[in-house]
Amino acid sequence: MEWPAAFYDRRAGVGCPLCEEGRPEATAHAVRFFAGEVSDAYLVRADIQRGLSLVVWRGRHAVEPTELSNAEAAAYGGEVLRVGRALEQVLAPVKLNYDVLGNSVPHLHTHIVPRYADDPRPGWPFPFPYPDPPAMPAERLMRDVEALRRACA
């Protein structure tokens, strides 16, 4: 099996949805709680795992962290850690997983996955459900967004 042809176009930046969306406050999938100099952090709406967040690189199109200059990589890494610290402060997970994937959307972004004491699979990668479950209750989502905004400030 090979990668779809469209993947190579997106990898090159053609039709990249994360470049084209700009820096929205919210998307169909997530709500922004941090707007940094080089990244935005979003809390995922789907009720997959409380605190599941995405930190999206907002500089020029890049797929891999190795495509960034040393200064860009330091800025991005610092902002990813700032978001991780906020998640630790607000939600008190046992562990945070940082995943730089891009297999579906080839644009640099980091999934931060909180792991809790009642984890469904301790010691292993988080078992993402398919398809995604419905959205978490809006009140809880916005309460967490506001708490994370305060922690990132």
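Keep in mind that what you see is a predicted model, and the values were worked out from it rather than measured.
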Shared ILVMFWY cluster between Tyr98 and Val55, side chains joined below 4.5 angstrom? yes
Apply salt bridge (charged side-chain N to carboxylate O under 4.0 Å, His left out) to the pair Arg149 and Glu146, showing each step before the final yes or no. CA-CA 5 Å; Arg149 284 178 178 159; Glu146 291 304 323; 2.8 Å; yes
Ring centres of Phe126 and Phe128 under 6.0 Å apart? yes
For residues Leu141 and Val31, determine if any side-chain heavy atom of one lies less than 4.5 Å from a side-chain heavy atom of the other. yes
Just checking, any donor-acceptor pair under 3.5 angstrom between side chains of His107 and His109? no
Test item: Val113 and Leu96 side chains (from C-beta on) under 4.5 Å apart, heavy atoms: no
Is a donor on one side and an acceptor on the other found under 3.5 Å between the side chain of Glu72 and the backbone of Ser69? yes
Does Arg58 use its side chain to pair, donor to acceptor, with the backbone of Gly22 at less than 3.5 Å? yes
Do Arg45 and Met136 come within less than 4.5 Å of each other through their side chains, counting heavy atoms only? no
Write down the atom of Phe7, the atom of Asn103, and the distance for their closest heavy-atom approach. CE1-O, 3.5 Å
Grab the two heavy atoms, one from Ala35 and one from Asp40, that are nearest each other, plus how far apart they are. CA-OD1, 3.4 Å
In one Ile/Leu/Val/Met/Phe/Trp/Tyr side-chain cluster, 4.5 Å: Tyr116, Leu148: yes
Verify the cluster assignment for Phe34 and Tyr42: are they in a single hydrophobic cluster under the rule of side-chain heavy atoms below 4.5 Å apart? no
Taking the side chain as every heavy atom from C-beta outward, state whether Glu139 and Arg143 have any pair of such atoms under 4.5 Å apart. yes
Hydrophobic clusters here meaning ILVMFWY residues chained together by side-chain heavy-atom distances under 4.5 Å, can you tell me if Val44 and Val100 are in one? no
Tell me, with the steps shown, if Ile112 and Asn97 meet side-chain contact (heavy atoms from CB on, under 4.5 Å). CA-CA 6 Å; Ile112 304 179; Asn97 290 166; over 6 Å; no
Can you name the nearest heavy-atom pair linking Pro17 to Val105, along with the distance? CG-CG1, 4.0 Å
Minimum heavy-atom distance between Ala151 and Ala86, given as atom pair plus value: CB-CB, 3.7 Å
From CZ (Arg32) to SG (Cys152), nearest 0.5 Å: 11.5 Å
Determine the minimum heavy-atom distance between Val94 and Ala117, stating which atoms define it. CG2-N, 3.4 Å
Looking at every heavy atom in both Asp47 and Pro137, which two are closest together, and how far apart are they? OD2-CD, 4.4 Å
Side chains of Trp57 and Pro65 in contact at under 4.5 Å (non-hydrogen atoms): no
I'd like to know if the side chain of Gln49 reaches the main chain of Pro114, judged simply by a donor and an acceptor atom lying under 3.5 Å from each other, with no hydrogens or angles considered. yes
Qualifying residues under salt bridge (Lys or Arg N to Asp or Glu O under 4.0 Å), relative to Arg115, sequence neighbours excluded: Asp119
CD-NZ distance between Glu88 and Lys95, expressed to the nearest 0.5 angstrom: 9.0 Å
Are the side chain of Arg23 and the backbone N or O of Ser39 linked by a donor-acceptor pair below 3.5 Å? yes
Using side-chain heavy atoms (C-beta onward) and a distance below 4.5 Å, is Arg11 in contact with Glu64? yes
With the 4.5 Å side-chain cut-off for hydrophobic clustering, are Leu54 and Leu52 part of the same group? yes
Any ion pair linking Glu67 and Arg60 (charged N to carboxylate O, less than 4.0 Å)? no
